[in-house]
*Asks:* 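Please find one structure pasted underneath; my questions will follow.
Keep in mind that what you see is a predicted model, and the values were worked out from it rather than measured. Basis for what follows: all heavy atoms, side chains included, without hydrogens, waters or symmetry-related copies.
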Amino acid sequence: MARPPLTVDVVRALRLDLSRFGPGTGRTRRAAQARGSGAPFADAQALLDWHDLMLFVLAHPAARGDIAYGERELARTADAARAIGARGSARDRRLLRETGIAWTTVRARFGLAFARWLVERHPGRATLDAIDDDPVALTEAIAPALPGAQSDIAAGGHLDGLDLAEAFSGRGDPLAWLVRSFDAIAAPEAVREQVFESVGAWSRIALADSALSRTFLRGPSRRPHLVSRLVRGFELAGVLGAPLPKPRAAGLLERQAALDASRGAIAVLGRETDALATTSARDTEIHELGRGLVIALHAPQPGRAGAFDAHVGFALHRNGVPVAYGGGWPFAGGCRIGVNVFPAFRGGESAWLFAQVLRAYRQRFRVGRFVVEPYQFGAGNREGLESGAFWFYWRLGFRPVVPRVLALAEGEAAKLAADRNYRAPIAMLRRFTASDVALELARASVPPDAAELAEAASRWLVDHGAGDVARAARHALTIVERRLGLRAPKEPAVRSVWLAWAPVLAQVRSLGRWPAGDRGRLASVLRAKALDEFAFQARLVRFPRLCDALRAVAASARDGV
């Protein structure tokens, strides 16, 4: 007899069975696996749902046999997706488009760093699909990097961007040619990335059955962890206080593999982040968090971080399966934070996963205050409003920092406590987005805000530069050198940090009265900022005199003093 097909409703029911763990659930789980094993798919949506359920099984195996079962079923879904791509209905092909599973394609506008990574780490997998030539024409952007004759052809305006790339790459790869051409432009990496972004280059990734697909992509893992229960209720303080293991003693190849997995996990969904674009294997750390969970932290390469804080990205992997990504901006004990749990793993342990991210950032960067910006729970994000994401953060202890919004939220929370069936209206949830929410973990003063420091620095440059910002920056550096009794190093990377910080430090009038040891510590902090973001964060947060001085400068910017 033919096996009954897997429908969306059947897969939903099987997910409930395969999400049960602990004593007495083995028979139910085995029956669910038997029902799904080898069953045809009613349509592409059922295939997608089964595919993501198998990723859930791999991330949460209750027995070793679950791992082999999940991998076998994923291989089967890959074969079915390939068949749909070859001869499926238009509707089914459309449903599989841009899903990132095996034998599908992904079309996206990647920046220069991600395009370079695709060319170098996955040669031939990505192709140049289109060039918008908007707002800047490729012919104008690329001409300075071309040989004389080709530069003349580009300047002639007879070819559009895609024609130019195909003509000049010859029998080679147009995307690889485009990356090499931009890399040849004599400008800082950040400038080349902006120009690359402005031409609107689209790439298409043919995933086939490669390790780049969501189906087969795997990140850092050790031996599999078997799950006996899902962690739903927990004490946040206990999670945050569990000692964070030291970074895994990983060689450069292992850290590169972790970075490849982090980039791949979002690239196959047509996404990228500044954190993952500006990092490198050298600036990657791998921490084991327990229960099969591993976090890869990605700091910016030297010279690619912000003047004060930096976007340190992360990817979470459970038994090797990517389950979430995001990033934080740690600085002097504070940290803006954002997380995106992949749909296959939402519900269940989402709160525990986020708590583990907080644990990693709290201990790695000695964070005493986390801040979540309104986008995460609904500002310009309809999904965040409809899902009630605000309450996700509320239950973990985050509270609005704007008093009137806090009062509104407390009122709604009281209604929820009194009536389990009550749901806050979307209009009310939208009002909550008028405020950041913060999790206060220390009784110390609010950490200095990097954005306010940047504002203070800019204001000083305007007030002292008479329109010549470079001159004002040199003047600030002279003031700081005189007060410290130290000369800024000549190394370009370190000197640029001194120049960036000088307009802020020039506002610390007590700088010249600091003990000689503290003045030397300040120099070491600035040097670390230029060379190693992890070291910089550690030295900064352990330097209370500097943090207090920065807090005062930030307050002056906030108060308009």
*Asks:* If I compare all heavy atoms of V367 with all of G334, which pair ends up nearest, and what's the gap?
*Replies:* CG1-C, 4.3 Å

*Asks:* Can you name the nearest heavy-atom pair linking S213 to I101, along with the distance?
*Replies:* CB-C, 4.1 Å

*Asks:* Do R76 and F41 have side-chain heavy atoms sitting under 4.5 Å apart?
*Replies:* yes

*Asks:* Do any N or O atoms from the side chain of R495 and from the backbone of K490 form a donor-acceptor pair under 3.5 angstrom?
*Replies:* no

*Asks:* Is the centre of the F398 ring less than 6.0 Å from the centre of the F392 ring?
*Replies:* no

*Asks:* Checking Q301 side chain against D283 main chain: does a donor-acceptor pair fall under 3.5 Å?
*Replies:* no

*Asks:* Show your working on side-chain contact (heavy atoms from CB on, under 4.5 Å) between I337 and L439 and close with a plain yes or no.
*Replies:* CA-CA 11 Å; I337 195 83; L439 177 66; over 6 Å; no

*Asks:* I'd like to know if K529 and E533 make a salt bridge, using a cut-off of under 4.0 Å between side-chain N and carboxylate O.
*Replies:* yes

*Asks:* Using modelled atom types only, decide if a donor and an acceptor are shared between the side chain of N381 and the backbone of Y375 within a distance under 3.5 Å.
*Replies:* yes

*Asks:* Are R263 and E120 close enough for a salt bridge, meaning some N to O gap below 4.0 Å?
*Replies:* no

*Asks:* Any non-hydrogen side-chain atom of R255 less than 4.5 Å from a side-chain atom of P220?
*Replies:* no

*Asks:* Nearest heavy-atom pair of A332 and P448: which atoms, and what distance?
*Replies:* CB-CG, 3.7 Å

*Asks:* Just so I know, are the side chains of H287 and L297 near enough to count as touching, which here means a heavy-atom distance under 4.5 Å?
*Replies:* yes

*Asks:* Please give me the minimum heavy-atom distance between P322 and A265, naming the atom from each residue.
*Replies:* CB-CB, 3.9 Å

*Asks:* Apply side-chain contact (heavy atoms from CB on, under 4.5 Å) to the pair V312 and Y361, showing each step before the final yes or no.
*Replies:* CA-CA 9 Å; V312 178; Y361 278 79; 4.0 Å; yes

*Asks:* Which pairs pass ring-ring contact (aromatic ring centres under 6.0 Å, His included) with one or both residues in residues 115-136, sequence neighbours excluded?
*Replies:* F114-W117, W117-H122

*Asks:* Does the side chain of H51 come under 3.5 Å of the side chain of T215 through a donor N or O and an acceptor N or O?
*Replies:* yes

*Asks:* Is a side-chain donor or acceptor of T279 paired with a backbone partner of L276 at a separation under 3.5 angstrom?
*Replies:* no

*Asks:* Quick one: does any side-chain atom of D92 pair with a main-chain N or O of D43 as donor and acceptor, under 3.5 Å?
*Replies:* no

*Asks:* Is there a donor-acceptor pair under 3.5 Å between the side chain of Q150 and the backbone N or O of F168?
*Replies:* no

*Asks:* Counting C-beta onward and ignoring hydrogens, is there a side-chain heavy-atom pair between L550 and F331 closer than 4.5 Å?
*Replies:* yes

*Asks:* If you draw the axis of the six-membered ring of F56, does the NZ or CZ of R15 fall within 45° of it and under 6.0 Å from the ring centre?
*Replies:* yes

*Asks:* Identify whether the distance between the nearest side-chain nitrogen and carboxylate oxygen of R248 and E288 falls below 4.0 Å.
*Replies:* yes

*Asks:* Could you check whether any side-chain heavy atom of Y325 comes within less than 4.5 Å of a side-chain heavy atom of R271, counting everything from C-beta outward?
*Replies:* yes

*Asks:* Can you find a pair of side-chain heavy atoms, one from L164 and one from I131, that are under 4.5 Å apart?
*Replies:* no

*Asks:* If you round to the nearest 0.5 Å, how far is CG of L293 from NE2 of H317?
*Replies:* 9.5 Å

*Asks:* Measure across A281 and L252 and return the closest heavy-atom pair with its distance rounded to 0.1 Å.
*Replies:* CB-CD1, 3.8 Å

*Asks:* Tell me, do N340 and R346 make a side-chain contact under 4.5 Å, heavy atoms counted?
*Replies:* yes

*Asks:* Please tell me if the side chains of H298 and T284 come closer than 4.5 Å, counting only heavy atoms from C-beta onward.
*Replies:* yes

*Asks:* Kindly compute the distance separating CG (L353) from CZ (F345), expressed to the nearest 0.5 Å.
*Replies:* 9.5 Å

*Asks:* Please round to the nearest 0.5 Å and tell me the distance separating atom CG of L175 and atom CG of L118.
*Replies:* 7.0 Å

*Asks:* Donor-acceptor pairs under 3.5 angstrom involving side-chain atoms of residues 204-211: please list them, not counting sequence neighbours.
*Replies:*
from	atom 1	to	atom 2	distance (Å)
R204	NE	D129	OD1	3.1
S210	OG	L207	O	2.8
S210	OG	L212	N	3.2

*Asks:* Show which side-chain atoms of residues 179-190 pair as donor or acceptor with protein atoms under 3.5 Å away, not counting sequence neighbours.
*Replies:*
from	atom 1	to	atom 2	distance (Å)
S181	OG	W177	O	2.8
D183	OD1	R116	NH2	2.7
D183	OD1	R192	NH1	3.1
D183	OD2	R116	NE	3.2
E189	OE1	R116	NH2	3.3
E189	OE1	R192	NH1	2.9
E189	OE1	R192	NH2	3.2
E189	OE2	R116	NH1	3.2
E189	OE2	R116	NH2	3.0

*Asks:* Between S458 (side chain only) and E455 (backbone N and O only), is there a donor and an acceptor less than 3.5 Å apart?
*Replies:* no

*Asks:* Give a yes or no on whether R471 atom CZ has more than 12 heavy-atom contacts from other residues, nucleotides or ligands under 6.0 Å away.
*Replies:* no

*Asks:* Under a 4.0 Å threshold between the charged nitrogen and the carboxylate oxygen, would D132 count as salt-bridged to R109?
*Replies:* yes

*Asks:* Can you check whether P144's main-chain N or O pairs, donor with acceptor, with S151's side chain at less than 3.5 Å?
*Replies:* no

*Asks:* Can you tell me how far apart CG (L540) and CZ (F308) are? Round to the nearest 0.5 Å.
*Replies:* 11.0 Å

*Asks:* Rounded to the nearest 0.5 Å, how far does CZ of R364 lie from CG of L244?
*Replies:* 8.5 Å

*Asks:* Under 30°, 30 to 60°, or over 60°: which ring-plane class applies to F536 and W501, parallel, tilted or perpendicular?
*Replies:* perpendicular

*Asks:* So, for G161 and L138, which heavy atoms are closest and what is the spacing to 0.1 Å?
*Replies:* O-CD2, 3.4 Å

*Asks:* Could you go through V541 and F365, starting from their C-alpha distance and side-chain angles, then the distance that decides it, and tell me whether this counts as side-chain contact (heavy atoms from CB on, under 4.5 Å)?
*Replies:* CA-CA 8 Å; V541 80; F365 304 111; over 6 Å; no

*Asks:* In Å, rounded to the nearest 0.5 Å, how long is the span from CG of L55 to CZ of F342?
*Replies:* 10.5 Å

*Asks:* Determine, step by step, whether L58 and N319 satisfy the side-chain contact (heavy atoms from CB on, under 4.5 Å) criterion, reporting the C-alpha distance in whole Å, the side-chain angles of both residues, the deciding distance to 0.1 Å, and the verdict.
*Replies:* CA-CA 7 Å; L58 285 182; N319 285 331; over 6 Å; no

